Amino acid sequence: MSADIRSLSAVPPRLGILLAASLAAQLAWQAWRVAPASQRADLPPAPPAALLRVASFDEPEAAARLAMLYLQAYDLRGDNAMPYQQLDYERLIAWLRSIVATDPRSEYALFSAARVYTENPDAAKCRAMLEFLYAEFGRDPDRRWPWLAHAALVAKHRLKDLPLALRYARAIDRQARDPRAPLWAKQMEIFILEDLDELEAARVVLGGLIASGRIRDPHELHFLQARLRTVEKRLATPRK
C-alpha cells in the first residue's frame, strides 16, 4: 500500500460526516432521477436523539442536517411513492422532535414543520404539526416565536380555527421577549380577538401593551394608540 494512502480511521470525524452527507445527497438525487418501480412505504421509527448524537462523532449539527436530508428525501426515493402528505405524521413528528433535540439551535427542522409539513389538506395532520410547533416553542420562546407565529396564521386562515390561533398568539405575547419581534407579531392576539368580536378583551390587551413600555418606536406606538381608539369606538357603538 502506498505511503500516501491513509486508512479510513485516519480521516477526521468532521470530514467523514461531511462526506457522508454529500453521499446521501447524491444518492437521494440519483434515486429521484432514476425512479424505478415504486411502492408505498412509510417512515421507519425515529431514532432517539441520543443515538443521533452518538453516531455523529460529536458533530450534532451535521447529524441533524443529515437526518433532515434523509427525512425530506424519503418520499423521493425510487422505491417509495408515498408523498409526505400521506406519511404517518406521528412518526414524522417523532423524527422532527429527535432532530430538534439533536441540534436545538438549528431552525431547519422547525422551518420544514411550519412551511412544508403544515401544508397538508388533512386537517388532523395539520393540527398535529401545529401542536408540535407549539410544544417546541415553549422550550425556547425567544428563538422559536417565528414558527409559532406562522402556526397561528395557519390556524386562522387555513383551518379557520380562531380559538386555536388565539392560543398560539397569546403564547407568543406572554413568553417571547425577543426585542427583534416585529409589530405584527405583538399584535396577533389583538387582531384575532377583534376577529372573534372580543372587543373588550382586545381593548385590555391593547391598553396593556401601550402602558407596558415595551413599544419604543413612536410610529408603532402611534399605530397602537389609533387602533385602541378604533376598538373603543366600536365598543361605544350600539350593536344592532
Side-chain angles (χ1 to χ4, degrees), residues 13-14 16-32 35 38-141 143-151 154-155 158-159 164 168 171:
R14 183 186 297 271
I17 291 291
L18 293 176
L19 289 173
S22 176
L23 178 61
Q26 288 292 328
L27 290 174
W29 169 245
Q30 290 299 325
W32 179 80
S38 299
Q39 61 184 16
R40 298 174 66 84
D42 213 330
L43 277 170
L51 180 60
L52 287 176
R53 285 193 292 268
V54 169
S56 72
F57 300 102
D58 201 28
E59 294 286 347
E61 297 89 352
R65 287 194 295 271
L66 187 57
M68 275 304 304
L69 178 64
Y70 169 82
L71 187 61
Q72 293 194 311
Y74 188 82
D75 60 318
L76 297 180
R77 293 178 356 181
D79 63 345
N80 184 40
M82 177 177 287
Y84 75 86
Q85 292 181 347
Q86 299 178 39
L87 291 174
D88 181 335
Y89 261 46
E90 185 175 343
R91 286 191 176 185
L92 176 59
I93 289 169
W95 271 89
L96 292 169
R97 188 178 294 114
S98 287
I99 292 169
V100 172
T102 301
D103 182 12
R105 296 192 63 81
S106 174
E107 298 183 347
Y108 189 8
L110 296 176
F111 170 86
S112 299
R115 304 304 297 268
V116 178
Y117 298 125
T118 61
E119 298 285 337
N120 196 319
D122 185 322
K125 289 183 175 181
C126 181
R127 287 176 185 276
M129 194 59 63
L130 295 181
E131 285 298 290
F132 163 73
L133 289 167
Y134 176 70
E136 293 301 324
F137 160 81
R139 295 183 174 92
D140 193 352
R143 293 186 62 253
R144 297 176 179 175
W145 65 262
W147 311 123
L148 190 60
H150 185 79
V154 171
R158 187 174 310 138
L159 296 181
L164 183 63
Y168 297 157

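What you see below is based on every heavy atom in this structure, not just the backbone, and it leaves out hydrogens, waters and symmetry mates. Everything quoted here is computed from the prediction, not taken from an experiment.
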State which residue, out of Y168, W145, W147, fulfils the ring-ring contact (aromatic ring centres under 6.0 Å, His included) condition with Y134. Y168
So, for K125 and Q85, which heavy atoms are closest and what is the spacing to 0.1 Å? NZ-O, 3.1 Å
Does W95 have any ring-ring contact (aromatic ring centres under 6.0 Å, His included) partners at least two apart in sequence or in another chain, and if so, which? Y70
Kindly write out the residues that satisfy salt bridge (charged side-chain N to carboxylate O under 4.0 Å, His left out) with D140, not counting sequence neighbours, or none if the list is empty. R143
My understanding is that only residues two or more places apart in sequence, or in another chain, count here; which of them pass salt bridge (charged side-chain N to carboxylate O under 4.0 Å, His left out) with R91? none
Closest heavy-atom contact between A49 and A101? CB-CB, 3.6 Å
Going by side-chain contact (heavy atoms from CB on, under 4.5 Å), name the residues that satisfy it together with A64, two or more places apart in sequence or in a different chain. I99, T102, D103
Rounding to 0.5 Å, atoms OH (Y89) and CG (D122) come to a distance of 8.0 Å
Set of residues satisfying ring-ring contact (aromatic ring centres under 6.0 Å, His included) with respect to Y117, sequence neighbours excluded: Y84
Considering only distance and modelled atom types, tabulate donor-acceptor pairs under 3.5 Å from the side chains of residues 104-114, sequence neighbours left out.
residue, atom, partner, partner atom, Å
S106, OG, Y108, N, 3.3
Y108, OH, Q72, OE1, 2.7
S112, OG, Q72, NE2, 2.9
S112, OG, Y108, O, 3.0

Under the rule for salt bridge (charged side-chain N to carboxylate O under 4.0 Å, His left out), what residues qualify as partners of E131, not counting sequence neighbours? R167
Who are the salt bridge (charged side-chain N to carboxylate O under 4.0 Å, His left out) partners of R127, not counting sequence neighbours? D161
What is the distance from atom CD of E136 to atom CD1 of I93, rounded to the nearest 0.5 Å? 10.0 Å
Who are the side-chain contact (heavy atoms from CB on, under 4.5 Å) partners of R158, not counting sequence neighbours? T118, E119, C126, V154
By ring-ring contact (aromatic ring centres under 6.0 Å, His included), F137 pairs with (sequence neighbours left out) none
